[in-house]
Amino acid sequence: MIDQLNQIKSEALLELNAVNDAASLEEWRIRFLSRQGRLPLALEGMKNVAKEDRPAVGKAANEVKTVVNSAFEEKKASFETVASVLPEDPSLPGYPHRPAQSHVVNQTMDRMVQIFRRMGFALAEGPELETEYHNFDALNTPADHPARNEQDTFYADLPPHPKFGRLLLRTQTSTVQIRTMESGKPPFKIVAPGRCYRRDEIDATHGIFFHQMEGLVIDESANLGDLKGTMEFFFKELLGNDTVVRFRPHFFPFTEPSFEIDMARKGHAVRGKKWLEIAGCGMVDPAVLTQVGLDPEKYRGFAFGMGVERIALMLHGIPDLRLFNENDLRFLAQFQGA
Ligand code: DAH
């Protein structure tokens with residue numbers, strides 16, 4: 001009986017080896033494994049085996065069943081994977097692949113950076129997990145400033161930096177002003193695009209993370225006229241020649257004087273308002289220069305910062321900022337820019 005089972009096993013495996021499509025696999029299964037197949041029929045012979053031989057024969061029978069069944073399952077699975085990849089008719093056209101494209105927010109940043117590069121700005125970067133010092137203190141923002149409130153800042157549950165204080169997700173790209181001035185020698189002329197984080201209620205115009213683009217120019221002669229010219233050129237290049245900007249006095253801790261920039265375009269009133277607030281800027285405060293070891297009697301400069309999402313919304317007439325982060329291709333695929 002054991003010989004007979006082994007014989008069936010070798011034949012079954014040999015024939016299975018030659019099987020190369022689902023139909024012949026089914027034929028093979030009927031021949032060897034179905035109720036009237038050779039293996040079940042042979043196993044019926046167990047009834048007639050002498051009692052003392054049963055354990056040995058039972059063991060051999062189990063082994064043969066396992067080997068043959070798993071060889072069958074394996075073969076079957078190999079057809080299933082192939083079948084799920086290949087269309088039934090291999091001459092059918094293939095699946096279309098959409099060429100990769102960058103996210104509309106990145107496209108917007110690229111476009112902004114291109115304009116600044118043409119004006120001679122270099123690209124700078126800083127970390128998103130920042131120290132309290134770089135995000136606030138060095139930017140002339142003292143410990144009791146409301147922006148440092150736990151309620152609008154994400155502090156990390158990590159040990160503080162020994163020198164620079166607690167760690168937090170940066171709330172502004174102005175940190176890169178400090179990092180740039182710390183790590184090089186003037187003159188500086190950089191833009192720093194990147195992600196920022198603030199605790200906020202999420203709605204059509206607020207998210208808990210967003211992108212800003214920071215700018216910093218430091219040399220021995222930069223003045224307010226340069227700042228104004230730079231901003232005017234930038235917004236006209238970005239939004240068209242009929243764009244006008246105005247500087248409205250404001251307060252930022254790290255610039256003095258400081259301004260908010262409003263822009264307007266003919267025929268583009270937003271919610272009935274002609275002027276749209278679009279950026280912050282100013283002349284770098286001498287206290288900031290001193291903090292990074294630059295002599296404010298010798299060096300001067302200007303800085304600016306603006307939200308990228310807001311510009312992307314405006315460029316494309318997108319109604320709601322939340323669309324940027326839902327990862328819905330029906331939305332994202334509409335922006336075929338760079
Ligand atoms: N960091 C400011 C903010 O997040 C924006 C800003 C204002 C940046 C004035 C600047 C600046 O560089 O000079 O609200």
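Whatever order the structure lists them in is the order used to number ligands and atoms, beginning at 1.
Under a cut-off of 6.0 angstrom, the local environment of CD in Gln334 is crowded, with over 12 non-hydrogen atoms contributed by other residues, nucleotides or ligands.
With a 4.0 Å cut-off on non-hydrogen atoms, Arg198 touches ligand 1 through its side chain and not its backbone. Contact annotation: for Gln177 versus ligand 1, heavy atoms closer than 4.0 Å belong to the side chain alone. By the criterion of a heavy-atom distance under 4.0 Å, the backbone of Phe304, and not its side chain, is placed next to ligand 1.
Among all protein heavy atoms, the one lying closest to atom 2 (C) of ligand 1 is Gln172 OE1, 3.7 Å. The shortest contact between atom 11 (C) of ligand 1 and any protein heavy atom is with Phe254 CE1, 3.4 Å. Regarding atom 12 (O) of ligand 1, its nearest protein heavy-atom neighbour is Glu214 OE2, 2.6 Å.
Between His134 and Phe164, the ring planes lie perpendicular to each other; the angle is over 60°, past the 30° to 60° tilted range.
Note that Lys163 lies outside the cation-pi zone of Tyr133, set by a 6.0 Å cut-off to the ring centre and a 45° limit from the axis.
The closest side-chain heavy-atom distance from His206 to Arg198 is not below 4.5 Å. For the pair Gln177/Phe188, no side-chain contact is recorded, criterion being any heavy-atom separation below 4.5 Å from C-beta on.
Ligand-side atoms of ligand 1 in range of Gln212: 3 (C), 4 (O), range being under 4.0 angstrom from any heavy atom. The Ala303 neighbourhood of ligand 1 comprises atoms 12 (O), 13 (O), with distances under 4.0 Å to a heavy atom of that residue. For ligand 1 and Ser174, the ligand atoms under 4.0 Å from any heavy atom of the residue are 1 (N), 8 (C). Under a 4.0 Å criterion applied to the non-hydrogen atoms of Phe252, ligand 1 contributes the atoms 7 (C), 9 (C). Taking every heavy atom of Gly280 and a limit of under 4.0 angstrom, the matching atoms of ligand 1 come to 7 (C), 9 (C), 11 (C).
No heavy atom of Met213 sits closer than 4.0 Å to any atom of ligand 1. In this structure, Phe259 falls outside the shell of residues with a heavy atom less than 4.0 angstrom from ligand 1.
Close N/O approach between Gly215 and ligand 1 is not found [any backbone or side-chain N/O within under 3.5 Å].
Distance alone, capped at 3.5 Å, is enough to place a donor-acceptor pair between the Asp226 side chain and the Asn223 backbone.
Test Asn135, Leu129, Thr153 against Leu169 for side chain to side chain contact (heavy atoms under 4.5 Å, CB included) and you get one pass: Leu129. Screening Phe324, Phe331, Phe335 for a ring pair (Phe, Tyr, Trp, His ring centres under 6.0 Å) with His316, the sole residue that qualifies is Phe335. Paired with Ile311 under the rule side chain to side chain contact (heavy atoms under 4.5 Å, CB included), one option of Arg111, Met112, His211 passes, and it is Met112.
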